[in-house]
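If you're wondering where the values come from, they're calculated on a predicted model, not measured in any experiment.
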Amino acid sequence: MKKFKKIISIIMVAAVIASVCVVGTVTSGASGTGVGLAEWALNAYYSNWSYVYGGATPGAVDCSGLIYSYAGGYRVGDAQTFNSDWRYSLGSSIPNIHGLGLYQPGHVGVYVGNGMAVDARGDEYGVCYESVWSHGWTQYFKVPGVSYPDTGWVEFDGDYYYYEDGEYLADTTRTIDGETYYFASSGKSSSTPSSSASSSSSSSSSSSSSSSSESSGSLKKGSTGSLVEKLQQRLLELGYYNGIVDGDFGENTEKAFKLFQETAGLYVDGIAGSDADLLYADDAPSFKPATADDDKAEAEEVELTSEKEDLADTGAKPEEEPTEAPAMQYTIGDYSDDILKIQERLIALGYMDGTADGEFGSMTETAVSGFQTANSLTATGIVDQTTYDKLFSDDAIAAKKEEAPKAAEPEVKDVVAANTPAVANTSNTPVKTGSAPNTEVEKKTSEQSSKSVAAVTDNALFKRGDNATNFEFLLWLGIMIVVMLITFTIVYAVEKKKQKAARHARRYQ
C-alpha cells in the first residue's frame, strides 16, 4: 500500500507539471497565405473591429488575436515571433512581402505593403493603420505555418502585384509573357495581367470591362456597370458627387471617391476596393463644404505666407512665436521604450512584479498609482512629467515590504483512532485500528504536493502580467480540477476499502 501511495504522489506531481506545460504551448494548425493575412488585417481596419483583451475572433481581437483569427498557430505574440525560422531586425527598410508579422516587446502587427502596417493596439485605439516607421517596431518575421509567394502574380486589395525571388516588384518595369508592365513604388501593376484575369473569372476573354472589374472586387477609373451606379448613388447621397448616375467610373467619380477617402482618413488612391465597405456603412462621413470661417482662415494663411515672402526679400527675420513642447503623458494602451524603462524602475522599487514589456496595461497603472501615493503625488495612474522626474530621482521612495504573518499550523488529530472503540488484544500480534495519518509515505506525499503547488504558483501564469490571457488561466484551472478529482476519488476508495478490512478483522478476532 505504501508503494501505491508513492505512485499516486508521483502522478499528482507529473499532472501539475504537465498542465503548466500544456498552458504555455497551446497551438493549433496554422494555415493561409501572406497576401490573405494582409487582406484580413486591412479588412479588420476598414470594418472597425474592436480591441478586446484576449480576443481572437473576427470583430473582437487583441494584437496576437488579429493574426491568430486568420492563420491559427500560436496564440501569443512572442510565440508567433520567436517560433518563426525567418526573423530579422527592422532597420531602415522592410522586404516587399505582404503579410509579414511585425514585433516589438509585448506587441505584434501585420505588414500590408507599401510601408504600411495594421495592428490591434488597445481599448482607446482599436485597430490602427499607419506607417511601419511610426510605431517602433523592432523585428519583422514570416508567421509560422503561413505560406508566402515566391514568383508569380498575386491579387491584393483589388490590384495586381508580381513576385520575383520572394518579393513583389516595385518602381520598375518588367516584360512578362510578352507584355510589358510598369510597377509603381507601391508595387501595383499598371495593368491587369491577362493570365490572372482569366484565372480569376470564368467569363471569356471578350467579356466587358464591367464584368472584369466587378469580379476582381474593386472599382476604378474606366469601370462600368451596376456596381458603379451603386457607388455613384451613395457618393451622391453623402454629398461627394454631383454628376449623373450613369454607371461609368469617370474622372468626376474618381475625384468624388478620393474626396471620400480623404475625409474618412483612408489611403487616397481613387480605387474602391475593400474600403468601399465604409462608404456603405451607416456611420460613413458626409461631405462638409467649406464655411465662411474656413475661407477666412485660408485667407489669413495666404496673407501670412505673403508676409513671410516679403520679409525674405528684405532679408529680415520674422518674429517667431515661442512654442511649447507637448507635455509628457503615458497611460493605458501606450507602447514605447520609455514605458519599458518606467516598468523596469517600478520593478526595481518594488511597486510592480513580473517583467517589463513596454506596454502600459492595468498592472502598470496600479504600480504607478502606488508609487504616486507613496511619494506624495496625486494618484492618477498616469505618468506625467512630474511623476517621471520623481520616479528616476535619487530620493524616490521605494515600496514598503510587509512581512505576511505566519499561518498557524493545523493541529493533527487521529480522527479514526478517536472514534474507534478499544478492542482487547488477546494475542501477541499488535492489532491495527486504522491507518495513521502521519506515516513517512504520507509526509513525503504532502511535501511533494506542496512543492508542486509552490512551483506552479511561482510560474508566470499566476503572476498575471499585462500579456497573460484569461483563456490560458481557465485551461490550467480546468486541468487541475480534473486531476484533483481523479486523485481524491482513488485515495478515498482505497481508504474505504482499508477501513472495511480493518472492521472485518476486528469482528472475527
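Two residues are said to be in side-chain contact when any heavy atoms from C-beta on lie closer than 4.5 Å; T263 and Y240 meet this criterion. In this structure, V491 and E495 have side chains that are in contact, with non-hydrogen atoms separated by less than 4.5 Å.
Remark: the D395 side chain and the S393 side chain contain an N/O donor-acceptor pair separated by less than 3.5 Å. Counted by atom type alone, Y125 and D334 present one or more donor-acceptor pairs between their side chains at under 3.5 Å.
Y161 and H98 have perpendicular rings, their planes meeting at more than 60° on a 0 to 90° scale where under 30° would count as parallel. Using the six-membered ring where Trp is involved, Y129 and Y46 have ring planes that are tilted, between 30° and 60° apart.
Looking only at distances, a side-chain donor or acceptor of S84 sits under 3.5 Å from a matching main-chain atom of K142. Side-chain atoms of Y111 come within 3.5 Å of backbone N or O of G115 as a donor-acceptor pair.
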For this session: Start with the C-alpha gap between N43 and E39, add the side-chain angles, then the distance that decides, and say whether side chain to side chain donor-acceptor pair (under 3.5 Å) holds.
Result: CA-CA 6 Å; N43 178 66; E39 288 192 325; over 6 Å; no
Problem set entry | Trace of the ring-ring contact (aromatic ring centres under 6.0 Å, His included) decision for Y388 with Y330 | CA-CA 10 Å; Y388 187 90; Y330 294 117; 7.2 Å; no
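No salt bridge links K341 with E344; every basic N to acidic carboxylate O contact stays at or beyond 4.0 Å. Between K220 and D269, none of the side-chain N atoms (NZ, or NE/NH1/NH2) sits under 4.0 Å from a carboxylate O, so this pair counts as no salt bridge. We find that R75 and D62 are joined by a salt bridge, their nearest charged nitrogen and carboxylate oxygen being less than 4.0 Å apart.
If you look at F82 and Y103, their ring centroids are closer than 6.0 Å.
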